[in-house]
Amino acid sequence: MGDAGEIRLQIAGTRGEEADLDTSPPTAAPPPISARLRWWALVLVNIVFVLAGQSVATLLGRIYYDQGGGSLWMATLVQSCGTPIAIPLLLYFRRRRPRSTRVARPPLAKIAAIYVGLGILLAGDNLMYSYALLYLPLSTYSLVCATQLSFSAVFSYFINKDKFTALILNSVVLLTFSAALVGVNNGSDGTNSTVPPGKFAAGFVLTLSASAVFSLILSLNQLTFDKVLKSDTFYDVLEMQFWSNTAAAVVSVAGLFISGEWSTLGGEMHGYKKGAVYYGMTLAWTAISWQLTTMGMMGLVAAVSSLFSNVISTVGMPLSPVIAVIFLGDKMDGVKVLAMLIGLWGFASYIYQHYLDDAKIKKILAAERSPVDDEPDQTVKLTTD
């Protein structure tokens, strides 16, 4: 019957006749897009925790000093003593953790030593932040804290082997310039907050030091997930956050008693301008806010990287000065506004780099889902007469 009688059978790949014998439906793999959406949902929740918790915690920390609070160790303790909040979540995710995802745990002594070491570092870092917030207006303090991103980029490169692109370098340089502008301005007098006179230089140096140590802690957290625990599930994040903060709280309590500040807390509470109830509520909500912040930052370290976690923390930089102007009467002069704009430019540089990385991942996933074109195309012709 000529060409009209030709039947063309397309057989893809090299399986040949086995394809005709296998009638079972193929097993569908989980779509990468769904996994990516779940990942973004987790990241967004952690971002909200970081931004909301950080803004509220720093504002309450400044209010504590302005209303008559003066215990530096108490201000340090509330940054880590909210760990009981994580206990219900810790128990819940421990029960729901699939056995198939559980990897061999390192020796308990090794994990305990890591968590205690991180806790001691965290307690010292929190103490430096307490001094810095006492010595600087909230708006100045927040702008200098943006240097965390610069330190984190350096630590991530050397400790976590993250790449250091031109955009990230641009971000580091701009944020460094932003902090330098605030430093040379030395404008600590434009505020209604009770800032001790002559302490601007000490507050500036302490804020830089605390930002550097905190960036180091985040990089060490990521290194622990990658090299020691070899797992970054939400349970692992909560466990590290719980035990390292508990260790930091124990160190802070020891500092509170050794320094003798514990004996002044009763008078401090009764002398608080807003009253004893407001005193307790200020400390309680500060502790809750810091725990939400820490939980969000640890989640971002596990889901993305320590550098990205610091970037999101830097997003709160323009929020805190605005909050300080509204609630605390801080003055936003031209130098501070310029420093904030330069900092936002540096932040945008890093976000654009992350956008490029995400676009590359999507392109790779799309290529994996597309049909393979380089396999031999076998054609069988059956001709009927």
Side-chain angles (χ1 to χ4, degrees), residues 47 50-51 54-55 58 121-122 124-126 128-129 131-133 135-136 138-187 200-223 293-294 296-298 300-301 304-321 335-357:
I47 288 174
V50 172
L51 295 182
Q54 182 177 257
S55 299
T58 52
L121 271 178
L122 186 60
D125 187 59
N126 290 342
M128 286 191 288
Y129 274 128
Y131 272 102
L133 192 57
Y135 292 163
L136 296 178
L138 179 58
S139 56
T140 305
Y141 166 86
S142 302
L143 289 171
V144 180
C145 279
T147 55
Q148 285 180 193
L149 184 56
S150 302
F151 292 117
S152 186
V154 176
F155 288 130
S156 295
Y157 177 78
F158 287 105
I159 296 177
N160 309 119
K161 307 304 179 184
D162 290 345
K163 61 183 179 180
F164 207 80
T165 64
L167 286 172
I168 291 179
L169 178 61
N170 179 62
S171 177
V172 170
V173 172
L174 289 173
L175 287 168
T176 303
F177 282 159
S178 175
L181 274 177
V182 177
V184 298
N185 183 42
N186 196 12
F200 180 86
F204 184 82
V205 172
L206 284 167
T207 308
L208 284 178
S209 302
S211 299
V213 173
F214 188 70
S215 299
L216 175 62
I217 291 172
L218 290 181
S219 290
L220 292 176
N221 287 338
Q222 185 179 343
L223 185 67
T293 304
T294 304
M297 296 196 75
M298 293 287 289
L300 291 176
V301 169
V304 191
S305 68
S306 59
L307 183 56
F308 183 78
S309 181
N310 250 328
V311 167
I312 297 304
S313 177
T314 308
V315 176
M317 180 195 69
L319 298 178
S320 295
V335 175
K336 284 186 180 180
V337 172
L338 181 59
M340 185 172 67
L341 292 176
I342 293 176
L344 287 173
W345 183 8
F347 167 75
S349 296
Y350 180 79
I351 286 296
Y352 183 64
Q353 177 64 61
H354 194 72
Y355 165 77
L356 294 178
D357 294 341

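One-based numbering along the sequence shown. Bear in mind that the values here come from a model prediction, so they are computed numbers and not experimental data.
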Show the nearest heavy-atom pair for residues [X] and [Y], with the distance to one decimal.
X	Y	value
Leu218	Met297	CD1-CE, 3.7 Å
Thr293	Gln54	OG1-N, 2.9 Å
Ser211	Phe151	C-CD1, 4.0 Å
Ser219	Ser152	OG-O, 4.4 Å
Phe155	Ala212	CE1-O, 3.3 Å
Gly203	Ala132	O-CB, 3.9 Å

Can you list everything that forms a side-chain contact (heavy atoms from CB on, under 4.5 Å) with [X]? Sequence neighbours excluded, please.
X	value
Thr294	Gln241, Asn245, Met298
Tyr352	Leu167, Tyr355, Leu356
Ser150	Val172, Leu175, Thr176
Leu121	Val213, Ile217, Leu220

Verdict with supporting geometry, Thr140 and Thr207, side chain to side chain contact (heavy atoms under 4.5 Å, CB included): CA-CA 10 Å; Thr140 305; Thr207 308; over 6 Å; no
Partners passing side-chain hydrogen bond (donor to acceptor under 3.5 Å, both in side chains) against Ser215 (at least two apart in sequence or in another chain):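 Applying side-chain hydrogen bond (donor to acceptor under 3.5 Å, both in side chains) to Ser215 gives Asn310.
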Residue list, side-chain hydrogen bond (donor to acceptor under 3.5 Å, both in side chains) with Ser209, at least two apart or on another chain: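 Partners of Ser209 under the side-chain hydrogen bond (donor to acceptor under 3.5 Å, both in side chains) test: none.
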Under 3.5 Å donor-acceptor, Asn126 side chain and Leu122 backbone: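 Such a contact is found between Asn126 side chain and Leu122 backbone.
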Donor-acceptor contact present, side-chain Ser156 to main-chain Ala153, <3.5 Å: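 Not at all, since once roles are kept as given, no pair shorter than 3.5 Å links the two residues.
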Separation of Ile159 CD1 from Asn221 CG (nearest 0.5 Å):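 One gets 10.5 Å once the value is rounded to the nearest 0.5 Å.
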Working for side chain to side chain contact (heavy atoms under 4.5 Å, CB included), residues Val205 and Leu208: CA-CA 5 Å; Val205 172; Leu208 284 178; 5.8 Å; no
Plane angle bin for Phe200 and Phe204 - parallel if under 30°, tilted between 30 and 60°, otherwise perpendicular: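 If you compare the ring of Phe204 with that of Phe200, the planes turn out parallel.
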Stepwise side chain to side chain contact (heavy atoms under 4.5 Å, CB included) test for Tyr129 and Asp125: CA-CA 6 Å; Tyr129 274 128; Asp125 187 59; 3.1 Å; yes
